[in-house]
There are 2 protein chains.
Amino acid sequence: MQDVWKEFEQNIITHSAAHHLTAISDLLVQNGYARVTDVARKLKITRGSASITLKTLKERGLVMEDENKFLKLSETGLSITQVIHLKRRVLTKFFKDILNVPEETANIDACKIEHLISTKTGEKLLSFMNFLLNDPKKSKNLLEEFAGFRMRCDETESCEICEIDCLLADKKLIGNIFK
Amino acid sequence: MQDVWKEFEQNIITHSAAHHLTAISDLLVQNGYARVTDVARKLKITRGSASITLKTLKERGLVMEDENKFLKLSETGLSITQVIHLKRRVLTKFFKDILNVPEETANIDACKIEHLISTKTGEKLLSFMNFLLNDPKKSKNLLEEFAGFRMRCDETESCEICEIDCLLADKKLIGNIFK
DNA sequence: AACTTTTGTTTAGGTTGCCAAACACATGGA
DNA sequence: TCCATGTGTTTGGCAACCTAAACAAAAGTT
């Protein structure tokens, strides 16, 4: 447990790199091309900054540039980008449609996490959602039940339900600290 | 969606700071005291590095030091640490007990995410787990059903179940890129 | 052709956070 | 008392990323 924390820095892709890659991908779809300036504009950073970060991504073989300075993703770059995109979709959908988190919060959380979550966990979460949403009737039922449960739960001070029940008592405390 | 990505840097607590705080908390419980050296040893970083990071945490009013250089958490520091700890517990339990992710992976993922996930999402996830694990019989049933579903799902090439079905087809691709 | 704008790069500066190494101090033997 | 060990801080380096600002080159305008 103590040794695990340094894994954070060992990610293949940093948050910044992930967004440079997805920016290129999005721009290619939306505009048909992607240049340094376009990426910078999309990410709202300076051209200088984008230029340098993209240079390292080129050196790492994730981004390629043709003779006219048009950027595209290498095969590896594309794969990584797709995986991150899939993870974001799964996370966002889970937060929004299952947990009923407000859209804006769901988007922010998914964005922060998408490049960090393991593929194993991403896959399991996907399976789980397929399982839950499998049968439209069943899923509608489940979500409604959950909504009812949440309502009752939010009213009570604490909940002696499962072994993590004690956390609920801290709810008020939690809410005041993080935005 | 494009504007959200900079939120990442705007966290109150960085990954590193979170672990310095929890290290102090753990050490206080385990040893009864926490000094710079103890934190450094626990986190496997140099004393110099811990010294500097802890200095900024002191300046931010999250960590306090008595006349004998013994560290403790301020009230705010303690609250933040508790919240992060709660989030980690909820996430780990969800990954491990619901999604059936291997323990090591669950720990790593929770560790990477704990300081990033919003309290809103954390709370909803907690409610959801309370809901699912509410009734022991029901939950046992649900988890077994899910296990069966997963098995059937893993065998097929794709799954035309919900709107995110297309992701499953990419499973092989996903597995090869991220460790 | 001359001027303006756009583009990509580079340089200098700032921040966070790591390491290695040097220091200053204190404490605990021998 | 002298020396070894442990502790906390500081310094110089490095890496990732950001900004601001200066430039050269290309492209568009009049």
Side-chain angles (χ1 to χ4, degrees), chain A residues 2-24 27 31-60 62-72 80 111-112 115-116, chain B residues 2-24 27 31-60 62-72 80 111-112 115-116:
Chain A
Q2 284 75 270
D3 301 0
V4 146
W5 84 279
K6 281 200 175 185
E7 297 274 334
F8 190 80
E9 281 91 51
Q10 254 135 21
N11 263 276
I12 315 166
I13 292 291
T14 64
H15 180 72
S16 175
H19 281 275
H20 280 72
L21 294 178
T22 54
I24 292 175
L27 285 163
N31 303 348
Y33 63 88
R35 299 161 306 167
V36 170
T37 297
D38 304 313
V39 172
R41 252 200 291 266
K42 183 141 205 142
L43 297 181
K44 297 192 177 157
I45 57 178
T46 61
R47 277 174 295 143
S49 182
S51 176
I52 289 168
T53 304
L54 288 167
K55 191 167 70 181
T56 73
L57 292 176
K58 279 181 246 166
E59 284 161 7
R60 289 179 57 192
L62 304 181
V63 168
M64 295 186 308
E65 195 181 72
D66 69 13
E67 62 283 354
N68 296 316
K69 298 276 184 186
F70 285 96
L71 303 168
K72 60 185 199 314
I80 292 176
C111 170
K112 287 180 180 173
H115 68 294
L116 289 172
Chain B
Q2 286 72 271
D3 302 359
V4 147
W5 84 281
K6 281 202 177 185
E7 297 274 332
F8 190 81
E9 282 89 53
Q10 252 134 23
N11 264 275
I12 315 166
I13 292 291
T14 64
H15 179 72
S16 174
H19 281 275
H20 280 72
L21 294 178
T22 53
I24 293 175
L27 285 164
N31 303 348
Y33 63 88
R35 299 161 307 168
V36 171
T37 297
D38 305 313
V39 172
R41 254 201 290 266
K42 182 140 206 143
L43 297 180
K44 300 196 175 154
I45 57 177
T46 61
R47 278 174 294 144
S49 183
S51 176
I52 289 169
T53 303
L54 288 167
K55 190 166 72 180
T56 73
L57 292 176
K58 280 182 246 166
E59 284 162 7
R60 289 180 57 194
L62 304 181
V63 168
M64 295 186 310
E65 194 181 71
D66 70 13
E67 60 282 356
N68 296 315
K69 298 276 185 187
F70 285 95
L71 303 168
K72 60 184 202 304
I80 291 176
C111 170
K112 287 180 181 173
H115 68 294
L116 289 172

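The shown structure was predicted, so the numbers you read here are calculated from the model rather than taken from an experiment. All values below come from the heavy atoms of this structure, side chains included, with hydrogens, waters and symmetry mates left out.
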Partner set under side chain to side chain contact (heavy atoms under 4.5 Å, CB included) for B:Lys72, not counting sequence neighbours: B:Leu28, B:Met64

Contact letters for nucleotides 3-17 of chain C, in which S counts primed atoms plus P, OP1 and OP2 and B counts the base, heavy atoms under 4.0 Å: ----BBBBB-----S

First and last nucleotide of DNA chain D, 5' to 3', lying under 4.0 Å from heavy atoms of chain A: D:dC17 to D:dT19

Residue from A:Asp38, A:Ile52, A:Thr37 passing side chain to side chain contact (heavy atoms under 4.5 Å, CB included) with A:Arg47: A:Thr37

Closest contact, heavy atoms only, A:Ala17 versus A:Leu57: CB-CD2, 4.0 Å

Donor-acceptor contact below 3.5 Å, side chain A:Asp66 vs main chain A:Asn68: yes

Parallel, tilted or perpendicular: ring planes of A:His15 versus A:His115, cut at 30 and 60 degrees: tilted

Stepwise side-chain contact (heavy atoms from CB on, under 4.5 Å) test for A:His20 and A:Ile45: CA-CA 11 Å; A:His20 280 72; A:Ile45 57 178; 3.6 Å; yes

Exercise: identify the closest heavy-atom pair between B:Ser16 and A:Trp5: CA-CZ3, 3.9 Å

